[in-house]
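Written out below as structure tokens is the structure these notes cover.
Atoms within a ligand are numbered from 1 in the order they appear, just like the ligands themselves. No experiment lies behind these values; they were computed from the predicted model shown.
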Amino acid sequence: MLQPVTPEFIATLTETLGEDILRPADALYLEEPRKRIAGHAGAVVAPRNTQEVSDVLKLCSEYLIGVIPFGGGTGLVGGQIMAADQGPAPLILSLERMNTMRAIYPSENVLVAEAGMTLASIQEEAEKESRLFPLSLASEGSCRIGGNLATNAGGVNVLRYGNTRDLCLGVEAVLADGSVLNNLSRLRKDNTGYDVKNLLIGSEGTLGVITAASLRLSPRPARVGTAVLVVRDPAAALELLGIARDLSGDGVSAFELLSGTGVGFVRDTLPEIHQPFADVPEWSVLVEFGLPAALDPEALLEQLFVQGAEAGLVSDGVIAQSLAQRNQLWSLREHIPAANKKVGAIVSHDISLPLSALAEFIPHGMAKIAEIAPVRVNCFGHLGDGNLHYNVFPPVGETREAWAHVRDDIERLVHDLVHDYGGSFSAEHGIGRMKANELIRYADPTRYRVMKQMKAALDPLGILNPGAVLT
Ligand SMILES: Cc1cc2nc3c(=O)[nH]c(=O)nc-3n(C[C@H](O)[C@H](O)[C@H](O)COP(=O)(O)OP(=O)(O)OC[C@H]3O[C@@H](n4cnc5c(N)ncnc54)[C@H](O)[C@@H]3O)c2cc1C
């Protein structure tokens, strides 16, 4: 039975690690980006090194205190935050002070980072050595690599480079009893038994605290080209993706679907963001090529446009002619979440489907939702990965509060339909606390049982992120 943080626990903690280990428990640690959960905490600590993380976890085991590992706080499923009715006041363990790059091996294409480095700072360190760390999310200025690993984050470059799991060669982590797992491997091949690293990746802080990781870098593409092309519909977008891959020798690094609803939200709520077309198209895609020096990305994008137009897939397009224009096109894509926030979603879905089912699912889901309520769907995201953000908004001029009563019915409908199509109700954001019940409903029962057994083996007292992933 877990206990709340007590003054006695804090006294022992500060005696061992000094007063400076504590951080004020301010809003940063108690709010999540969509403000759906108000968090509570007994205290916030920010250890300076792996040994201090270990000391903290040993004490928490002794006092039976729940611990929430905390990166940048940008998680979207409530994994980093616990409401007061979800358990006794936990200790939040922030990795913010463990933010140095331990080493970089350019000839090996490997960078070793502490868990508290922000994703943007890792990208910058790689760039200094003319290398690319390809993980890229709109939250990259705030999220930390420990959080990216813990959630196995995806983002816009998964199509070409894989998700965070694919970019990690090794981890250092502290387990619930304080023991340190030293597995900062730089090896690309290492078949020596169970892959404990991959168990920790995606475990959302429930099996261990990741303190450092060795990460796989890539050569930087010599030439990059970006375009937004107006497509007939999502089926046409998928066909266009096939052409883009053939044309570029699999040099497509991003292929993002934009709906007229989402682009319209940006136009209406963020007028400072440049719109590439006079009228908002119903469907468009942002496509990016990352190519070697010998290939001309603008010429290839033009070819893509021509072939797409001839096949009846594409009707209009803008190809960036400068870095500034490229940034403008990306800015449109990256501001969709901010515009969504301003409009206020009734419910958001982070789903994935087999690519061949996707084009059918999109209108099928919308038609079924319309039977429940006259709401709007903003369907956008990482089309090439089969990953859609399928977010539902109130009718024009109405608030999400006025339509809160349809939230659960719509979520159930969408998740059931996704399941029927062989998809997943959580493509890249994870389970956290918000989707723990969905996991029970949709996971294969044997897989769920094995997950519980793993949790019991690695965290027998249940102190690590209690209530997240597994209830
Ligand atoms: C604007 C915006 C855009 C986003 N876009 C994307 C996207 O494109 N793709 C995507 O996948 N996600 C996206 N996200 C979600 C979020 O950014 C990612 O989930 C990110 O990986 C979380 O990192 P973080 O450091 O903020 O983790 P936090 O939010 O702090 O924590 C997330 C989870 O990881 C655990 N955790 C954190 N650090 C550690 C650690 N060191 N060891 C063990 N467990 C830990 C926490 O306990 C929690 O369960 C977006 C979020 C926002 C706000």
Report task. Check if Glu32 has a non-hydrogen atom at a distance under 4.0 Å from any atom of ligand 1. Result -> no
Query raised in the report: Who's closest to atom 6 (C) of ligand 1 heavy-atom-wise, of Leu137, Leu28, Leu135, Val174?
Result: Leu137
Query raised in the report: Do the side chain of Arg165 and the main chain of Leu149 share a donor and acceptor less than 3.5 angstrom apart?
Result: no
Requested in this report: Please lay out, stage by stage, how Thr12 and Tyr63 fare under the test side chain to side chain donor-acceptor pair (under 3.5 Å).
Outcome: CA-CA 10 Å; Thr12 316; Tyr63 282 78; 2.9 Å; yes
Report task. Could you tell me whether Ala153 and ligand 1 have an N or O pair separated by under 3.5 Å? Result -> no
Report task. If you have a sec, work out which protein heavy atom is nearest atom 45 (C) of ligand 1 and how many Å separate them, to one decimal? Result -> Ala150 CB, 3.4 Å
Query raised in the report: Looking at Leu383, Thr226, Leu332, Leu257, which one forms a side chain to side chain contact (heavy atoms under 4.5 Å, CB included) with Leu286?
Result: Thr226
Query - Worked verdict on Phe361 versus Tyr390 for side chain to side chain contact (heavy atoms under 4.5 Å, CB included) - result: CA-CA 11 Å; Phe361 168 85; Tyr390 202 76; 3.8 Å; yes
Query raised in the report: Nearest to atom 32 (C) of ligand 1, what protein heavy atom do you find, and at what distance?
Result: Thr151 CG2, 3.7 Å
Requested in this report: Please report the C-alpha distance between Arg245 and Phe255 in whole Å, then the side-chain angles of each, then the deciding distance to 0.1 Å, and finally whether the side chain to side chain contact (heavy atoms under 4.5 Å, CB included) criterion is met.
Outcome: CA-CA 10 Å; Arg245 282 182 138 161; Phe255 199 88; over 6 Å; no
Report summary line: Of all protein heavy atoms, the one nearest atom 7 (C) of ligand 1 is Glu428 OE2, 3.4 Å
Query raised in the report: Quick one: nearest non-hydrogen protein atom to atom 43 (C) of ligand 1, plus distance?
Result: Gly208 O, 3.4 Å
Query - Heavy-atom side-chain proximity of Trp330 to Asn327 below 4.5 angstrom - result: no
**Report entry** Subset of ligand 1 atoms that lie under 4.0 Å from at least one heavy atom of Asn148
**Finding:** 20 (C), 21 (O), 23 (O)
Query raised in the report: Should the pair His415 and Tyr442 be assigned to parallel (<30°), tilted (30 to 60°) or perpendicular (>60°) ring geometry?
Result: perpendicular
Requested in this report: Measure from the side-chain N and O atoms of Ser61 to the backbone N and O of Ala176, and report whether any donor-acceptor pair falls under 3.5 Å.
Outcome: yes
Report summary line: Among Gly116, Ser94, Ser139, closest by heavy atom to atom 17 (O) of ligand 1 is Ser139
Query - Val156, portion touching ligand 1 at heavy-atom distance under 4.0 Å - result: neither
Query - Part of His429 with heavy atoms under 4.0 Å of ligand 1, whether side chain, backbone, both or neither - result: side chain
Query raised in the report: Checking ring pair (Phe, Tyr, Trp, His ring centres under 6.0 Å) for the pair His349/His429: CA distance, chi angles, key distance, verdict?
Result: CA-CA 10 Å; His349 306 102; His429 295 159; over 10 Å; no
Requested in this report: May I ask you to check if ligand 1 and Gly71 share an N or O to N or O distance below 3.5 Å?
Outcome: yes
Query - From Leu64 atom CG to Met1 atom CE, the distance as rounded to the nearest 0.5 Å - result: 10.5 Å
Query raised in the report: Considering only heavy atoms, does Ile210 approach ligand 1 within less than 4.0 Å through its side chain, its backbone, both, or neither?
Result: both
Report task. Around atom 31 (O) of ligand 1, find the nearest protein heavy atom and jot down its residue, atom name and distance. Result -> Gln80 CB, 3.7 Å
Query - Polar atom proximity, Gly72 to ligand 1 (N or O, under 3.5 Å) - result: yes
Query - Protein heavy atom at shortest distance from atom 1 (C) of ligand 1 - result: Ala138 CB, 4.1 Å
Query raised in the report: Got the closest protein heavy atom to atom 48 (C) of ligand 1, with its distance?
Result: Gly79 C, 3.5 Å
Requested in this report: Please confirm whether Thr74 comes within less than 3.5 Å of ligand 1 when only nitrogen or oxygen atoms on both sides are compared.
Outcome: yes
Query raised in the report: Among Gly147, Gly73, Pro69, which residue places a heavy atom closest to atom 28 (P) of ligand 1?
Result: Gly73
Requested in this report: Look at atom 39 (C) of ligand 1 and find which of Gly154, Ala212, Gly146 reaches it with the closest heavy atom.
Outcome: Gly146
**Report entry** Arg186 to Tyr105 six-membered ring, cation-pi geometry met (6.0 Å, 45°)
**Finding:** yes
**Report entry** Polar side-chain atom of Asp166 near backbone of Asn163 as donor-acceptor pair, under 3.5 Å
**Finding:** yes
Query - ligand 1 contact on Leu95 by region, counting heavy-atom pairs under 4.0 Å - result: side chain
